[in-house]
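Residue numbers begin at 1 in each chain, while the letters A, B, ... track the order of the sequences.
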2 protein chains.
Amino acid sequence: MTTTADELRRVALEEFASAGYHATSIQQIADRAGVSKATVLYHFASKEVLLESALAPAIDQLDGILGKARLAALRTGGEQRAEFLRQFVDFLLQHRSAASIFVNQATTLEDVPIVRRANAEIQLVSGYLEENVGSLDEKVRFGVALGGAAYLLAGAPLAMPVQDLDAMRAALITVLGDLLAVTPALASAPTTSD
Amino acid sequence: MTTTADELRRVALEEFASAGYHATSIQQIADRAGVSKATVLYHFASKEVLLESALAPAIDQLDGILGKARLAALRTGGEQRAEFLRQFVDFLLQHRSAASIFVNQATTLEDVPIVRRANAEIQLVSGYLEENVGSLDEKVRFGVALGGAAYLLAGAPLAMPVQDLDAMRAALITVLGDLLAVTPALASAPTTSD
DNA sequence: TCAGGTGTTGACCGATCGGTCAGATTTCGG
DNA sequence: CCGAAATCTGACCGATCGGTCAACACCTGA
């Protein structure tokens, strides 16, 4: 059984991702969920609280992936870096709507605490690269890899229909691993079991 | 001498890019330009017309880069593909604010004709890849390269301060060329031809 | 000097937004 | 069966938005 609050979170996430937060009214969400506007405001104190509640699961997982301890493993180019890439790609696949909001509306939602926190997490990666990665070339490789993956899966216009998610996942991991020189010898090899 | 209309276009472009179209009121633009709200509506029939006018130069240049004739050159991996990458990177650098709007607010502004046109242009690249590029791997390479470059230069949170634009440009062209195997002999790990 | 375009403005309007509130309805333990 | 808590709703409110309009200042050519 899905509660009304859960349904509202689900609908709101889709609506915010597809039409944009500011362009989506509480009334629209209420209509699509089959309840009144007042009901939405009963379950969530404000529109912003609804957004935060809808994004919470995604940002929690992002927290886990980008933990500072795990981040330290990125310096080396070995299996840990490959694992990080896999987790990042899976995060994008599992939370496409939320990721789309982070990618496509980051500037618009700067004043929303939870979005600010997500941005800060990503800045953390950027800051880590600034400190630990020497060449600008390598920084750009990281930026292109992570940004490219995010834009490809969560960005709007360029995103292809993506019929086969598994194939896309495999291709993405291959390309990203290749770009970041993860296990160079195996770059084009099929992703091993997981 | 810069006319009032030019100044309004300039201010509006920055404001729309940094705060978002729907979150930016005509009053804010008027204030920042030192004129009244009515003056803005005198020069531009509506807020949407102002957005279109501000984005026009950028989309015109994008038109030139993504022309179908030039697109056909992408199939080969030679100098023409490298030239395309250079033009695309320069487009992002020269029109960062406009590109930022396309990248970060594409979904939100789907109903604005000029943005829809920009999205269509990019879809055109996607469609071209669908027809002419065989392997999913190669498609993903293109997607990551173009999306990554766009997100790195025009996307919000991951975008580093970018102190040295020339160095960034050079690094980006190198990395993108490497990723798309522009000079196959020099690529790090040439994926088997398809 | 004067007539007429050009640019600018404050006052105003209807619509819509997020949010409040008192009350109706449903649910459920005792 | 009952009463209280939880849930839901229509009516309403103040604020803000995009946009209109009549009036005012300014410049310029005849």
Side-chain angles (χ1 to χ4, degrees), chain A residues 1-56 97 101 104-105 107-116, chain B residues 1-56 97 101 104-105 107-116:
Chain A
M1 163 211 178
T2 60
T3 68
T4 300
D6 285 338
E7 176 68 5
L8 285 175
R9 266 184 286 263
R10 200 186 59 78
V11 169
L13 194 64
E14 285 184 12
E15 212 69 10
F16 287 156
S18 65
Y21 175 76
H22 286 104
T24 301
S25 66
I26 298 179
Q27 187 67 63
Q28 291 174 29
I29 297 171
D31 289 346
R32 268 203 41 179
V35 297
S36 74
K37 186 176 74 167
T39 296
V40 178
L41 274 307
Y42 166 75
H43 287 284
F44 304 94
S46 69
K47 185 184 177 185
E48 192 174 306
V49 167
L50 173 56
L51 173 67
E52 304 219 8
S53 181
L55 290 179
S97 291
I101 292 176
N104 291 319
Q105 304 179 55
T107 54
T108 302
L109 301 177
E110 259 176 350
D111 48 347
V112 179
I114 198 173
V115 175
R116 199 199 299 272
Chain B
M1 165 209 177
T2 61
T3 69
T4 301
D6 285 339
E7 175 69 4
L8 284 174
R9 267 185 285 264
R10 201 186 58 80
V11 170
L13 193 64
E14 284 184 12
E15 212 69 10
F16 287 155
S18 65
Y21 175 75
H22 287 104
T24 301
S25 66
I26 297 179
Q27 187 67 63
Q28 290 175 29
I29 296 171
D31 288 346
R32 269 203 42 181
V35 297
S36 75
K37 187 177 72 168
T39 296
V40 177
L41 272 308
Y42 167 76
H43 287 284
F44 304 95
S46 70
K47 185 184 176 184
E48 192 173 304
V49 167
L50 173 56
L51 172 66
E52 303 219 9
S53 181
L55 289 180
S97 291
I101 292 176
N104 291 318
Q105 303 179 54
T107 54
T108 302
L109 302 178
E110 259 176 349
D111 49 348
V112 180
I114 197 172
V115 174
R116 198 198 300 273

When you measure from the side-chain N and O atoms of B:T39 to the phosphate of C:dT9, is any distance below 4.0 Å, counting only OP1 and OP2?
yes
Return yes if some donor-acceptor pair links the side-chain N/O of A:K37 with the main-chain N/O of A:S25 below 3.5 Å, else return no.
no
Provide the closest heavy-atom pair for A:F16 versus A:Q105 in the form atom of the first, atom of the second, distance.
O-NE2, 2.8 Å
Write down the protein N/O and nucleotide N/O pairs, taken from nucleotides 15-21 of chain C, whose separation is under 3.5 Å; answer none if there are no such pairs.
from: C:dG18; atom 1: OP1; to: A:K47; atom 2: NZ; distance (Å): 2.7
from: C:dG18; atom 1: OP2; to: A:I26; atom 2: N; distance (Å): 3.1
from: C:dG18; atom 1: N7; to: A:K37; atom 2: NZ; distance (Å): 3.2
from: C:dG19; atom 1: OP2; to: A:K47; atom 2: N; distance (Å): 2.8
from: C:dG19; atom 1: O6; to: A:K37; atom 2: NZ; distance (Å): 2.7

With a cut-off of less than 4.0 Å, is there a side-chain N or O of A:H43 near OP1 or OP2 of D:dA6?
no
Scanning both residues in full, the closest heavy-atom pair of B:E48 with B:V112 reads CG-CG1, 3.9 Å
Atom CG in A:D31, atom CD in A:Q27: separation rounded to 0.5 Å?
4.5 Å
Less than 4.0 angstrom between a side-chain N/O of A:Y42 and OP1 or OP2 of D:dC8, yes or no?
no
Distance test, side-chain N/O of A:T4 to OP1/OP2 of D:dC8, below 4.0 Å:
yes
Output yes when a side-chain donor or acceptor of A:E15 lies under 3.5 Å from a complementary backbone atom of A:R32, and no otherwise.
no
Do A:T24 side-chain atoms and A:G20 backbone N/O form a donor-acceptor pair below 3.5 Å?
yes
